[in-house]
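Values below: every heavy atom of this structure, side chains too, minus hydrogens, waters and symmetry copies. All ligand and atom numbering here is 1-based and tracks the order in the structure.
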Amino acid sequence: MLKIWGRANSANVKKVLWTVEELDLAYERIDAGGAFGVVNEPAYRALNPNGLVPTLEEDGLVLWESNAIVRYLSAKYGPEKFGPAELGARAAADKWMDWTISTLNPVYRDVFWTMVRTPPEVRDMAKVGAGIAATAKALAIAEATLERQPYLSGEACGIGDVPLGCIAYGWFEMAIERPKMPALEAWYHRLTERPAYRNAVMIPLT
Ligand SMILES: N[C@@H](CCC(=O)N[C@@H](CS)C(=O)NCC(=O)O)C(=O)O
């Protein structure tokens with residue numbers, strides 16, 4: 001059975017949990033990271049020398065980097081079910097996975113950490129404002145694509161939607177002022193109707 005190491009409130013762990021839920025796979029999840037510790041124990045470091053979550057174990061395969069895990073699970077267990085399967089379409093979807101971690105997450109992170117993980121009395125609201133502006137500027141790129149297609153992965157939800165989908169929950173649920181992006185909002189609404197997304201991603205923000 002798949003073994004997934006990582007606390008359920010981590011956006012990177014959510015990517016993996018959402019994917020296994022979409023693929024209807026049996027799995028065991030072990031809390032690790034944050035208040036759970038574990039990640040600095042030698043046995044965990046032997047699996048993941050970064051000391052980060054998630055880590056996947058399956059039949060002797062040990063894998064870290066959440067996007068790599070999502071790609072692996074999709075390719076092995078259901079490119080037709082949660083893909084896309086066709087290589088060109090898959091690459092077009094896949095690029096959103098890298099885009100999310102390289103372009104969006106570095107500017108979104110300040111907003112999330114300040115609004116969710118910093119006590120109100122010590123929040124740097126100037127940093128939040130700058131983070132929201134930079135996040136909105138990046139999200140406008142996704143908005144333009146979602147005006148033309150229902151999902152970042154194309155006609156069906158798939159791996160390309162996963163990283164941004166995990167961030168979108170925080171973006172739309174935090175008490176912040178967001179510029180209007182109707183296509184992005186409609187896409188987010190479509191995600192919230194998916195049981196797998198609800199189970200894995202839509203848990204209290206902590
Ligand atoms: N690029 C890595 C980043 C992993 C990462 O930064 N994980 C965070 C949680 S989102 C972490 O492990 N933080 C330390 C901790 O939780 O103890 C991935 O995508 O898997």
Side-chain angles (χ1 to χ4, degrees), residues 2-23 25 27-58 61-77 82 90-91 93-119 127-128 131 134-135 138-139 142 152-153 158-174 191 196-197 199-206:
L2 293 170
K3 193 188 267 191
I4 298 163
W5 295 83
R7 54 189 168 84
N9 67 343
S10 145
N12 287 311
V13 174
K14 285 180 176 185
K15 294 180 199 173
V16 177
L17 298 177
W18 178 11
T19 303
V20 293
E21 295 266 345
E22 291 283 356
L23 293 166
L25 303 175
Y27 65 95
E28 174 194 8
R29 186 182 63 78
I30 300 144
D31 274 320
F36 296 100
V38 178
V39 294
N40 291 320
E41 291 171 9
Y44 187 82
R45 288 282 173 143
L47 298 174
N48 185 339
N50 304 291
L52 297 172
V53 291
T55 301
L56 176 85
E57 281 189 272
E58 185 191 38
L61 173 73
V62 177
L63 205 52
W64 36 264
E65 282 301 330
S66 56
N67 285 359
I69 297 170
V70 168
R71 290 180 189 112
Y72 166 74
L73 292 170
S74 162
K76 178 165 182 185
Y77 290 105
F82 199 64
R90 192 169 177 92
D94 192 342
K95 73 173 183 293
W96 289 106
M97 302 180 75
D98 289 353
W99 176 86
T100 300
I101 53 167
S102 61
T103 299
L104 189 78
N105 197 48
V107 290
Y108 168 77
R109 189 189 292 138
D110 281 347
V111 183
F112 178 81
W113 271 85
T114 309
M115 294 306 292
V116 175
R117 294 187 176 157
T118 307
K127 196 162 144 185
V128 172
T135 301
L139 284 175
L152 295 174
S153 303
I159 58 172
D161 297 275
V162 170
L164 187 58
C166 291
I167 283 182
Y169 175 57
W171 175 250
F172 283 110
E173 299 307 320
M174 279 186 292
L191 297 186
Y197 185 80
N199 290 343
V201 180
M202 298 181 71
I203 61 172
L205 292 171
T206 53

- Query: For ligand 1, which atoms sit closer than 4.0 Å to a heavy atom of Arg7?
  - Reply: 9 (C), 13 (N), 15 (C), 16 (O)

- Which atoms of ligand 1 sit under 4.0 Å from any heavy atom of Pro54? 20 (O)

Should [X] and [Y] count as side-chain neighbours, where that means a heavy-atom distance under 4.5 Å?
X	Y	value
Tyr169	Lys14	yes
Val20	Leu73	yes
Pro163	Trp96	no

Run the side-chain donor-acceptor check on residues 36-55: report pairs under 3.5 Å with partners two or more places apart or on a different chain.
from: Asn40; atom 1: OD1; to: Arg45; atom 2: NH2; distance (Å): 2.5
from: Tyr44; atom 1: OH; to: Leu52; atom 2: O; distance (Å): 2.6
from: Tyr44; atom 1: OH; to: Thr55; atom 2: OG1; distance (Å): 2.7
from: Arg45; atom 1: NE; to: Val39; atom 2: O; distance (Å): 3.0
from: Arg45; atom 1: NH1; to: Pro49; atom 2: O; distance (Å): 3.3
from: Asn48; atom 1: OD1; to: Asn50; atom 2: N; distance (Å): 2.9
from: Asn48; atom 1: OD1; to: Asn50; atom 2: ND2; distance (Å): 2.9
from: Asn48; atom 1: ND2; to: Leu52; atom 2: O; distance (Å): 2.9
from: Asn48; atom 1: ND2; to: Thr55; atom 2: OG1; distance (Å): 3.0

Give me the nearest non-hydrogen protein atom to [atom] as residue plus atom name, then the distance to 0.1 Å.
atom	value
atom 15 (C) of ligand 1	Gly34 N, 3.3 Å
atom 2 (C) of ligand 1	Glu65 OE1, 3.3 Å
atom 10 (S) of ligand 1	Ser10 OG, 3.1 Å

Kindly identify the option in [options] whose heavy atom sits closest to [atom].
atom	options	result
atom 13 (N) of ligand 1	Asn40, Val13, Leu52	Leu52
atom 4 (C) of ligand 1	Val39, Val53, Val38, Leu56	Val53
atom 18 (C) of ligand 1	Ser66, Gly6, Pro163	Ser66
atom 6 (O) of ligand 1	Asn12, Asn9, Asn105	Asn12

- Task: Please say whether the positively charged group of Arg117, taken as NZ for Lys or CZ for Arg, lies over the ring of Trp113, i.e. under 6.0 angstrom from the six-membered ring centre and within 45 degrees of the axis.
- Result: yes

- Could you list all the side-chain hydrogen bond (donor to acceptor under 3.5 Å, both in side chains) pairs where at least one residue sits in residues 65-74, not counting sequence neighbours? Asn12-Ser66, Lys15-Ser66, Lys15-Asn67, Glu58-Tyr72, Arg71-Asp94, Arg71-Asp98, Tyr72-Lys76, Ser74-Arg90

- Nearest heavy atoms of Thr206 and Phe112, plus distance in Å: O-CZ, 3.9 Å

